[in-house]
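Lettering of chains follows the sequences in order, A, B, ..., and the numbering in each one begins at 1. In this text the structure is predicted, and so the values were computed from the model without any measurement.
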2 protein chains.
Amino acid sequence: MSTSRERMVEAAFALFDEQGYDATTVDQIVDRAGVSRSTFFRAFGAKEDVIFPRHEDLQARIAARLTTGTPQSYRVALREAAGLVLTQYLEEGQLALSRYRLTRTVPALRDREIASMLGYQRLFREHARAWLAELGGPDVDLHAELLAASVVTAHNVVLRRWLRGETDDPWHEFDDAMSSVLTAAPGPQATSGTTVVVLRSGQDLDDVLPALRNALRD
Amino acid sequence: MSTSRERMVEAAFALFDEQGYDATTVDQIVDRAGVSRSTFFRAFGAKEDVIFPRHEDLQARIAARLTTGTPQSYRVALREAAGLVLTQYLEEGQLALSRYRLTRTVPALRDREIASMLGYQRLFREHARAWLAELGGPDVDLHAELLAASVVTAHNVVLRRWLRGETDDPWHEFDDAMSSVLTAAPGPQATSGTTVVVLRSGQDLDDVLPALRNALRD
DNA sequence: TGACATGTGAGACTGGGTTTCACCAGAACG
DNA sequence: CGTTCTGGTGAAACCCAGTCTCACATGTCA
């Protein structure tokens, strides 16, 4: 027995796929799902919300990761917090692809997606502001804002490439993109002759060995 | 005799100010303006649009400025194109402040404002992509995206400071912010011993003299 | 004068979202 | 065992943004 919520999501995506988002009414969705309008609006609040599964969770996890950052280690915190977003999308798989198709074609949904991304950016910005303030330096607000925008933008570039099927190894591209953005950021740099390697747990050792050799050869 | 459009805008801002955006219905607006609902929706298309005066104009001017850029001079093009946006807001004056008050409190309007900003960002991105491609170098897409995001973000930081009344010299802060963002961008750098000065026409010479002396002293 | 464009008004209609009341299951408790 | 409380549900009325269609009034041009 599936829950009402699941049936509504399923019915909505199916109908959106068949006849488009605008042409689909909430009444059609609830009819196919076998529930009432009341149930729909109680569960989602708005028609748009069927598509965007609760990112309060994700937002909370990002905040949690960011709060463990320090002015010395904040670049890693930013990288991993952005990685949480990428992880979320990769795990959603087919659902993320369906949503991408919709957000590309329906302006209202595109705006909604952008707004949620800016929600993440806001978290990055606020934490970055605190870290940069502790490090000292001029124009903390501006640089915190720029840092947050760059991290989110870099993430989005990689994410969109994956959504368009233009890459098979999003994590590799993600790491490169984050390096582009974060190496220029202020703070203590790795001493020459010292290489800091960040490993994602669950990764196959053989897969990372070439990268390790490469890093140590420089 | 004022036009219908002007009366509707006036009535809308007054009502939004008196009782808030959501609590104001289109019927109230057209009643006060002495026109019909038909006229309203023909003129603006949607309730939100009363607040955002057509930025197709601005978008076109930005595009025009960007198309005159070259891979050698693109940083100036970006800076001045962003300057067009700032100019627009500064010239709107009181109207921009009213809009800012609304966009801060009404989510729907905030999203709308963000979407229009992303429209500008898109122009920057597409032109930056072309310039960076001509210059050569890795990851053109990523860096074009980052450059556009940084320019827009830097502009927004200054704009918001002005909207909040936190600065009396937005142009000075704008120049600094753009320098922060653009000096690290790829391309030919100014030769040591050569100082390039960009002057806005209509500016008082006495105002810029100190900055000129300062620049030449380095 | 007649044809045509433009701006306007009136009113019906669709559909998203809210609100209110009612119902019913199951858990908790005496 | 009956009751009471609670969470999930349904029914229906309601509000309002936005669309559509028809009508009318003012031009302007031929």
Exercise for review: For DNA chain D, find the residues of residues 105-115 of chain B with a heavy-atom distance under 4.0 Å and give them by number; none if there aren't any.
Suggested key: none
Review point. With distance as the sole criterion, is a donor-acceptor pair present between the side chains of A:Thr153 and A:Ser150 under 3.5 Å?
Key: no
**Study point:** Closest non-hydrogen atom pair, B:Leu146 against A:Ala154
**Key:** CD2-N, 4.1 Å
Practice item. Mind checking the CE-CD spacing from B:Met178 to B:Glu173? Nearest 0.5 Å is all I need. Key: 12.0 Å
Practice item. Give a yes or no on whether a salt bridge exists between B:Arg129 and B:Glu126, defined as a side-chain N under 4.0 angstrom from a carboxylate O. Key: yes
Practice item. Please determine which of A:Phe13, A:Phe44, A:Phe40 meets the side chain to side chain contact (heavy atoms under 4.5 Å, CB included) test together with A:Ile29. Key: A:Phe40
Practice item. Using a cut-off of strictly less than 4.0 Å between a heavy atom of the residue and any atom of DNA chain D, enumerate the qualifying residues of residues 19-33 of chain A by number. Key: none
Exercise for review: State the OH-NZ distance between A:Tyr21 and A:Lys47, to the nearest 0.5 angstrom.
Suggested key: 5.0 Å
Practice item. Classify the side-chain pair B:Thr183/B:Arg75 by whether it contains a donor and acceptor separated by less than 3.5 Å. Key: no
Review point. Nearest-Å distance, CD (A:Glu48) to C1' (C:dG16)?
Key: 10 Å
Review point. So, the side chain of A:Glu113 versus the backbone of A:Arg110: is there a donor-acceptor pair under 3.5 Å, distance only?
Key: no
Practice item. Whole angstrom is fine here: how far is it from NZ in B:Lys47 over to C1' in C:dG17? Key: 13 Å
**Study point:** Carboxylate-amine/guanidinium contact A:Arg7 A:Glu10, below 4.0 Å
**Key:** no
Check your understanding: Take atom CG in B:Asp168; do more than 12 heavy atoms of anything else shown fall under 6.0 Å from it?
Key -> no
Review point. Within this structure, what is the CZ-to-C1' distance between A:Phe41 and D:dC15, rounded to whole angstrom?
Key: 13 Å
Under 3.5 Å between N/O atoms: give me all the protein pairs with nucleotides 7-11 of chain C, atom names plus distance.
from: C:dT8; atom 1: OP1; to: B:Ser4; atom 2: OG; distance (Å): 2.8
from: C:dT8; atom 1: O4; to: B:Arg42; atom 2: NH1; distance (Å): 3.4
from: C:dG9; atom 1: OP2; to: B:Ser36; atom 2: N; distance (Å): 2.9
from: C:dG9; atom 1: OP2; to: B:Ser36; atom 2: OG; distance (Å): 3.0
from: C:dG9; atom 1: OP2; to: B:Thr39; atom 2: OG1; distance (Å): 2.3
from: C:dG9; atom 1: N7; to: B:Arg42; atom 2: NH2; distance (Å): 2.9
from: C:dA10; atom 1: N7; to: B:Ser38; atom 2: OG; distance (Å): 3.1
from: C:dA10; atom 1: N6; to: B:Ser38; atom 2: OG; distance (Å): 3.0

Point to revise | Nucleotide D:dG8, atom C1' - distance to CZ of A:Phe40 in whole Å | key: 17 Å
